[in-house]
Structures are given as structure tokens and as C-alpha cells.
Amino acid sequence: MALLQWQKGKVIRIENETANTRRYWIEVAGTSSFDFKAGQFVTLDLPIHEKPNKRIRSYSIASWPDGSNVFELLIVLAQGGLGTTYLFNEVKVGSELTFRGAQGVFTLPDKLDKDLFFICTGTGIAPFRSMIHHIYLQHIPFKNIQLIFGCRKKEDLLYYNEMKELDQKMPGFHYHPTLSREHWEGHYGYVHPVYENLCRERPDALFFLCGWRHMIDEAKKRIAAMGYDKKTIHEELYG
């Protein structure tokens, strides 16, 4: 498949989501509509190295297809990371970014006739936010969606109020935030016992995993141990 052409986008809005995570809204130049599928990503070409292959960074689109020419990225500041350090320190409202996309196959199946388990950590929630809003706004029929989101502390929860609101107004969607370093009113620990408990009755399911490698590797082992075929597992690796 031929690579997509590089495009220009202008940053039109920046907001802090947590102490180390920001939301960037990017307006695509030269078009009134930026087409993508919920779950896809874009690749940025950042001026951080003389070698082209060391300048590119890919991020899932956190917004959903709405017919506009604006999309949102959710980016966490990585300690010592050249790309995110540049984005946090140098990119302002009005800055121009070079990007390619959207691309990727971490997308929804044509029919949502099985329970969907969206299992994520950190900014891995971004593609699932896109998918859930797309399903809700387009009135796409589905059975159940279980969003299991893990982070360390409550202050690290991304889109927390938004997901809680969707849980209330979207029948069949269930939000399960879990904290590994702080006891609170919700789940405490890692994400794995949460989906294992939900799968006790072995529902017909598809599993979508997005986050760091150690979480994904562990989840794949546990899902297989529950008796699910590896073909039911889809993954998007970060880092």
C-alpha cells in the first residue's frame, strides 16, 4: 500500500487534561472535511532530528468522525521523550504541524453483534473514545460495550466525567475505571481482574487492547486462558 501524502494542520486549541496529559485540536489545511475511521491514527513529522525516521511519532485520533476538518489528539508527556517534549514546550495555538493519515486497521467490525471489551491504560483510551462516540452519535446497534480503563490515581483518569455521562445515557455501555495506586470508590488494582470477572459467563466477545506492551501481553495470555480464540483479540501497541 502506498504511503499517504504529508499534509499541514494548524493547532487551534490546547487544553490540559491532567498534570502531564494534553489535548490538541488540529485543523487540516486545504479541506473542509477530514475523513477517518474511529480508531485510526495520524503520524506527525516533528522537527526533532535530522533523520526523517527519527522524527515521526504516531498518535491515535481521540475525536470521532464528524464531517469537519478538525481532529483531536491526546498526548502524555513522556519523560525524556523528544517528541512529546517538543509538543509540550514548543507547540502553541497557531503552530503548524506536518502529519500523514489517517491510517490503521484498529477499527470497529462491520457488525457489532458480540460484546465488545475495550481494555486500555493511559492514553490508550483515545481510540476507544472515538469509537464509543461514533457508535452513540450514529445510533449503531450493539450488544454491550465494556470500557476497562486503568491508570495509577484518580487525578490520572482521562475523560472521566465524559465517560461517566456516557455510561448513564448510553444503554449497554459500561465504564470501569480502575486505579492501581489509590483506593477509591471504584475498582482498585489492575485491569485484568475486571474483565476476567465480566467474562465469567463466557459471553461471545471481541477484545480490543490499547496501551503499553506489558499490559497487552498479559491481557492476551489471560484472555486465551479464559478459552477465547486469539482471533477475537485486536491490539494497538503504544511505545
Side-chain angles (χ1 to χ4, degrees), residues 1-18 20-78 81-110 118 120 122-140 158-159 162 166 208 210 234-239:
M1 178 184 289
L3 287 175
L4 297 173
Q5 296 296 312
W6 292 102
Q7 302 184 70
K8 297 293 185 181
K10 183 173 71 174
V11 177
I12 60 170
R13 182 178 167 195
I14 300 173
E15 284 187 9
N16 292 325
E17 178 67 9
T18 67
N20 66 342
T21 309
R22 287 182 184 170
R23 301 166 65 180
Y24 293 80
W25 283 262
I26 298 166
E27 182 180 67
V28 183
T31 182
S32 60
S33 179
F34 177 64
D35 296 325
F36 65 95
K37 292 182 179 180
Q40 289 191 308
F41 65 89
V42 295
T43 299
L44 305 183
D45 182 0
L46 303 173
I48 55 175
H49 202 279
E50 63 273 12
K51 293 184 178 180
N53 67 324
K54 294 186 179 294
R55 295 200 304 259
I56 60 173
R57 300 291 188 275
S58 295
Y59 300 100
S60 293
I61 300 172
S63 51
W64 48 94
D66 63 359
S68 76
N69 65 340
V70 176
F71 64 90
E72 178 186 336
L73 299 180
L74 176 70
I75 298 175
V76 62
L77 179 62
L82 289 178
T84 59
T85 297
Y86 174 81
L87 288 165
F88 271 62
N89 293 346
E90 305 299 331
V91 172
K92 316 294 182 188
V93 171
S95 295
E96 185 178 79
L97 293 174
T98 300
F99 76 94
R100 183 169 60 204
Q103 53 193 324
V105 295
F106 191 71
T107 55
L108 291 166
D110 292 334
F118 293 161
C120 54
T123 53
I125 195 173
F128 299 135
R129 179 185 185 239
S130 179
M131 293 177 185
I132 293 161
H133 277 279
H134 177 65
I135 291 167
Y136 177 68
L137 293 169
Q138 297 300 317
H139 307 289
I140 298 172
L158 303 166
Y159 303 120
E162 182 181 305
L166 279 170
F208 289 76
C210 190
H234 309 270
E235 63 182 274
E236 187 84 305
L237 187 66
Y238 276 25

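In what follows, every heavy atom counts, from backbone to side chain, and hydrogens, waters and symmetry copies are set aside.
- Looking only at side-chain heavy atoms (C-beta outward), F99 and V28 come within less than 4.5 Å of each other.
- In this structure a side-chain-to-backbone donor-acceptor pair under 3.5 Å is missing from Q40 to I61.
- Here the shortest heavy-atom pairing between H134 and W64 reads N-CB, 4.2 Å.
- For the salt bridge (charged side-chain N to carboxylate O under 4.0 Å, His left out) test, no residue two or more places apart in sequence or in another chain qualifies with D66.
- Between the R13 side chain and the W25 main chain, no donor and acceptor come within less than 3.5 Å of each other.
- Counting heavy atoms from C-beta outward, I132 and F118 have side chains that approach closer than 4.5 Å.
- Nearest heavy atoms, T31 versus S33: OG1-O, 3.0 Å.
- Residues F88 and N20 come closest through the heavy atom pair CZ-O, 3.6 Å.
- Atoms CE and CD1, on M131 and I140 in that order, are 11.0 Å from each other to the nearest 0.5 Å.
- Under a 3.5 Å cut-off, the side chain of Q7 and the backbone N or O of G101 do form a donor-acceptor pair.
- E17 has its side chain within reach of Y159: a pair of non-hydrogen atoms, C-beta onward, lies under 4.5 Å apart.
- Between F208 and F106, the ring planes are perpendicular. Angles over 60° get that label, and only those under 30° would be called parallel.
- In this structure the side chain of V91 reaches within 4.5 angstrom of the side chain of Y86, judged on heavy atoms.
- Side-chain contact between H234 and T107 is absent, with no heavy atoms from C-beta onward closer than 4.5 Å.
- In this structure, the side chain of S130 engages the main chain of S63 through a donor-acceptor pair within 3.5 Å.
- In the model, S95 has no side-chain atom that pairs as donor or acceptor with a side-chain atom of K10 under 3.5 Å.
- Side-chain atoms of D45 and T43 include no donor-acceptor pair closer than 3.5 Å.
- When atom types are taken as modelled, the side chain of Y24 and the backbone of L87 share a donor-acceptor pair closer than 3.5 angstrom.
- Inter-residue side-chain proximity for I75 and R22 is flagged as unmet; no heavy-atom pair is nearer than 4.5 Å.
- Other residues, nucleotides and ligands contribute over 12 non-hydrogen atoms within 6.0 Å of the CG atom of N53.
- Inter-residue side-chain proximity for R57 and I48 is flagged as met; some heavy-atom pair is nearer than 4.5 Å.
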